[in-house]
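Pasting a structure below so you can have a look.
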2 protein chains.
Amino acid sequence: MSEPSKKPATIEDVAKLAGVSIATVSRAIRNPEKVAESTRKKVTTAIARTGYTANAMAQNLRMRRSKMVLVLAPSIADPNFPGILIGLEKVANARGYGVLIGNTDGAIPLEETYMRFLSTGMADGLILLTGHVPVAGQPGSPNSLPATVTVGRPVEATTLPYVGVDDVAASKMATEYLVSLGHRRIAYISGGPGDVLSDLRHQGYLNGLAECAAPLQDWRLEGDGSSESGRAAVERLFIKDTLPTAFFCFNDNTAIGVIAALRLRGYRVPQDFSVIGFDDIPFASNITPALTTIRQPRSQIGERAMDRLLDRLEATPTATDAELLHGDLVVRESCGPAQT
Amino acid sequence: MSEPSKKPATIEDVAKLAGVSIATVSRAIRNPEKVAESTRKKVTTAIARTGYTANAMAQNLRMRRSKMVLVLAPSIADPNFPGILIGLEKVANARGYGVLIGNTDGAIPLEETYMRFLSTGMADGLILLTGHVPVAGQPGSPNSLPATVTVGRPVEATTLPYVGVDDVAASKMATEYLVSLGHRRIAYISGGPGDVLSDLRHQGYLNGLAECAAPLQDWRLEGDGSSESGRAAVERLFIKDTLPTAFFCFNDNTAIGVIAALRLRGYRVPQDFSVIGFDDIPFASNITPALTTIRQPRSQIGERAMDRLLDRLEATPTATDAELLHGDLVVRESCGPAQT
DNA sequence: TTGTAAGCGTTATCAA
DNA sequence: TTGATAACGCTTACAA
């Protein structure tokens with residue numbers, strides 16, 4: 001227990017109490033082996049008695065770093081975000097780093113604002129979930145990007161390291177699953193015309209279709225990743241005379257909308273139609289019928305991303321390539337054998 | 001555009017280029033009015049030409065603060081968390097602060113770990129979503145708590161400022177709504193025996209029952225806030241001969257479980273039973289039937305909490321009392337008139 | 001209105 | 001093995 005000292009103890013207080021110089025105290029802490037056993041002991045007890053904790057600001061100023069990572073996310077409310085954040089946070093904390101959150105809401109000006117953490121040195125590295133490089137960090141820009149890892153949504157036209165699920169492989173798996181259930185008319189509901197992720201998943205879907213002996217048609221319907229767009233896509237579909245028997249949706253949200261629309265029209269899922277989603281958001285198992293989907297290894301994605309970022313920060317040589325993690329097929333109740 | 005300078009420009013670079021002292025540069029930035037128009041201009045252009053950005057570490061060291069707030073949350077995955085975080089983050093950013101995330105997972109040792117941000121001066125203030133004071137900051141502890149605001153879950157036995165929804169009033173409203181629909185046998189499914197929030201909501205429920213002319217019975221069933229516990233509570237109920245006609249659930253998760261159990265037994269909601277939740281989590285409107293519930297003003301809670309914390313940090317005199325925000329009744333489809 | 005200089009609390013170099 | 005001491009980059013009296 002320390003006296004009711006007003007100000008926190010400094011290294012000097014410790015030095016005084018231990019009867020050594022501040023240099024020795026610093027050494028005793030950072031390079032114990034370079035200090036005599038006896039003095040080290042004196043220092044240790046002095047530290048305990050003063051309740052000393054090194055002032056991070058002073059340390060960081062001196063060492064020119066902050067041990068802080070900025071995470072730029074387009075939407076904290078995205079159902080995938082918490083899981084990824086947990087992973088990021090977990091390894092950051094384990095490795096002595098702090099995680100600074102920046103919610104950009106997709107607004108460029110806000111992104112700019114957050115970049116100040118980097119330019120002022122409050123953060124050492126950057127995790128980008130936004131899918132694009134902030135203009136303040138663009139190649140030609142005065143202050144270029146610091147150590148960066150992109151996550152969840154690859155950044156086009158850059159060579160930044162990326163960590164995410166293997167969208168193509170996972171989507172192929174989902175499609176093949178539908179095929180294996182006997183479906184031959186399978187629709188893909190996209191996540192928006194220009195969406196990178198959506199295109200990747202569409203590619204996987206095409207690959208899946210290609211695996212089938214029978215020639216299967218590419219049946220792409222535009223959505224935008226929202227539940228509402230899933231609903232709308234189904235509505236548009238019912239104007240036509242021919243219908244798919246199964247839906248592979250860009251994400252779970254869309255799938256939920258699709259199921260809702262189908263049921264509203266009196267159809268049963270999975271008896272009349274099969275629908276499979278992507279993400280395995282927390283509520284996927286709570287809807288009726290429980291959603292069959294592809295699980296994104298969110299926490300793992302976060303962990304790997306942070307590990308790679310910190311490796312770079314700590315100068316450990318690191319590859320700059322993309323790291324695609326395996327997504328699992330989670331079979332629940334929304335898919336069934338095709339009606340013949 | 002600056003030269004391809006290796007190291008970021010310092011205040012000294014600016015001073016040199018502008019032909020003034022570093023003190024003047026500092027002044028020109030922080031107290032422009034105390035600097036001659038002409039020199040201020042020279043400084044401004046010099047800053048632009050060098051691409052100077054003040055080193056936050058140096059500033060913070062000198063000014064003995066960090067402009068950083070630590071947010072300690074028991075679970076990032078909690079459906080209420082993102083909304084609150086958005087609010088916290090929004091005003092923090094607007095006021096020039098950064099938000100540091102600490103996911104404690106309910107683990108005390110982890111909490112300890114995060115307190116290092118406070119003790120080392122990396123963070124100036126603390127937002128507590130955990131519902132309890134970290135032991136490292138306990139009253140008797142060597143290093144007591146810095147400026148703190150508790151959020152979402154009041155911390156017992158402390159006088160820390162609190163911001164959250166008015167659980168009692170909102171629960172009363174929910175109960176009265178059920179009563180107004182003609183329900184007379186209303187069950188409350190709790191969030192766990194010792195849970196503060198659950199007890200508050202139970203109290204509101206009792207208050208609501210008391211408003212009714214007819215004497216209504218307190219019918220409390222134990223749950224734990226999980227969907228599963230809602231399911232289980234219903235199952236236990238069906239052993240009895242008399243049943244409630246409506247359920248007021250501790251939270252939406254529980255309500256979802258209740259509805260699932262009811263439907264599994266072949267009952268219809270809201271025709272046969274009414275169920276109302278609490279929180280209005282994002283998926284409340286996506287389940288079938290869409291959930292009637294109490295909406296927590298999550299973002300607003302976060303905003304108010306951060307505002308109050310920063311007010312304290314910046315020495316603006318602030319009240320230390322609790323701030324209870326109004327929760328709205330969101331009427332959707334899960335409640336209907338009582339069967340007579 | 002401007003400059004000089006004393007810190008802020010560390011780390012790390014260089015002698016002793 | 002230890003101790004002076006010079007940075008790290010900034011803010012802010014105090015003088016000029």
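Numbers restart at 1 for each chain; the letters A, B, ... are given by sequence-line order, proteins then strands.
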Report task. Check side-chain contact (heavy atoms from CB on, under 4.5 Å) between B/P161 and all other residues, then give those that pass, not counting sequence neighbours. Result ->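 Testing B/P161 for side-chain contact (heavy atoms from CB on, under 4.5 Å), a comparison that skips the adjacent residues, returns B/V149, B/R308, B/R312, B/T320.
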Query raised in the report: Which pairs count as side-chain hydrogen bond (donor to acceptor under 3.5 Å, both in side chains) when at least one residue sits in residues 70-83 of chain A, sequence neighbours excluded?
Result: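 Residue pairs with at least one partner in residues 70-83 of chain A: A/N80-A/D279, A/N80-A/R298.
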Query raised in the report: Can you check the B/N31 CG to C/dT2 C1' distance for me, whole Å?
Result: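 Distance check: B/N31 CG to C/dT2 C1' gives 14 Å.
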Query raised in the report: Can you name the salt bridge (charged side-chain N to carboxylate O under 4.0 Å, His left out) partners of A/R95, sequence neighbours left out?
Result: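 Listed in chain order: A/D307, A/D311, A/E314.
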Requested in this report: Send over the distance from B/I29 CD1 to D/dG9 P, rounded to a whole Å.
Outcome: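 My rounded result for the distance is 15 Å.
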Query raised in the report: In whole angstroms, how far is the C1' atom of C/dT2 from the CD atom of B/E33?
Result: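 One finds 15 Å between C1' of C/dT2 and CD of B/E33, rounded.
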Query raised in the report: How would you list, by chain and number, every residue that makes a salt bridge (charged side-chain N to carboxylate O under 4.0 Å, His left out) with B/R304, sequence neighbours excluded?
Result: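 In terms of salt bridge (charged side-chain N to carboxylate O under 4.0 Å, His left out), with neighbours along the sequence ignored, B/R304 is linked to B/E323.
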**Report entry** Pairs satisfying salt bridge (charged side-chain N to carboxylate O under 4.0 Å, His left out), at least one member in residues 117-130 of chain A, at least two apart
**Finding:**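 Qualifying pairs: none.
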Side-chain donor-acceptor distances from residues 26-35 of chain B under 3.5 Å, at least two apart:
none

Requested in this report: Can you measure from CG (B/N93) to CD1 (A/I101) and round to the nearest 0.5 angstrom?
Outcome: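 With rounding to 0.5 Å, CG (B/N93) is 12.0 Å from CD1 (A/I101).
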Query raised in the report: For A/D195, which residues count as a salt bridge (charged side-chain N to carboxylate O under 4.0 Å, His left out) partner, sequence neighbours excluded?
Result: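 Only A/R153 meet the salt bridge (charged side-chain N to carboxylate O under 4.0 Å, His left out) criterion with A/D195.
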Query - Five-pair end axes of the helix from C/dT1-D/dA16 to C/dA16-D/dT1 and the angle they enclose, rounded to 10° - result: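 Comparing the axis at each end, I get an angle of 40°.
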Requested in this report: Mind checking salt bridge (charged side-chain N to carboxylate O under 4.0 Å, His left out) for A/E303 and listing every partner two or more places apart, or none if nothing turns up?
Outcome: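 Once residues adjacent in sequence are excluded, the partners of A/E303 under the salt bridge (charged side-chain N to carboxylate O under 4.0 Å, His left out) criterion are A/K90.
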Report task. Spell out protein contact along nucleotides 3-10 of chain C as letters: B when the base is contacted, S when just the sugar-phosphate is, - when no protein heavy atom is under 4.0 Å; keep the 5' to 3' order. Result -> BB-BBBBB
Requested in this report: Name all residues meeting the side-chain contact (heavy atoms from CB on, under 4.5 Å) criterion together with B/L160; count only those two or more places apart in sequence or in a different chain, and write none if there are none.
Outcome: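 side-chain contact (heavy atoms from CB on, under 4.5 Å) check on B/L160 returns B/V133, B/L145, B/T148, B/T150, B/T158.
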Query raised in the report: Does any residue of residues 36-43 of chain A have a heavy atom under 4.0 Å from DNA chain D, and if so, which ones, in number order?
Result: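 Residues of residues 36-43 of chain A under 4.0 Å from DNA chain D: A/A36, A/T39.
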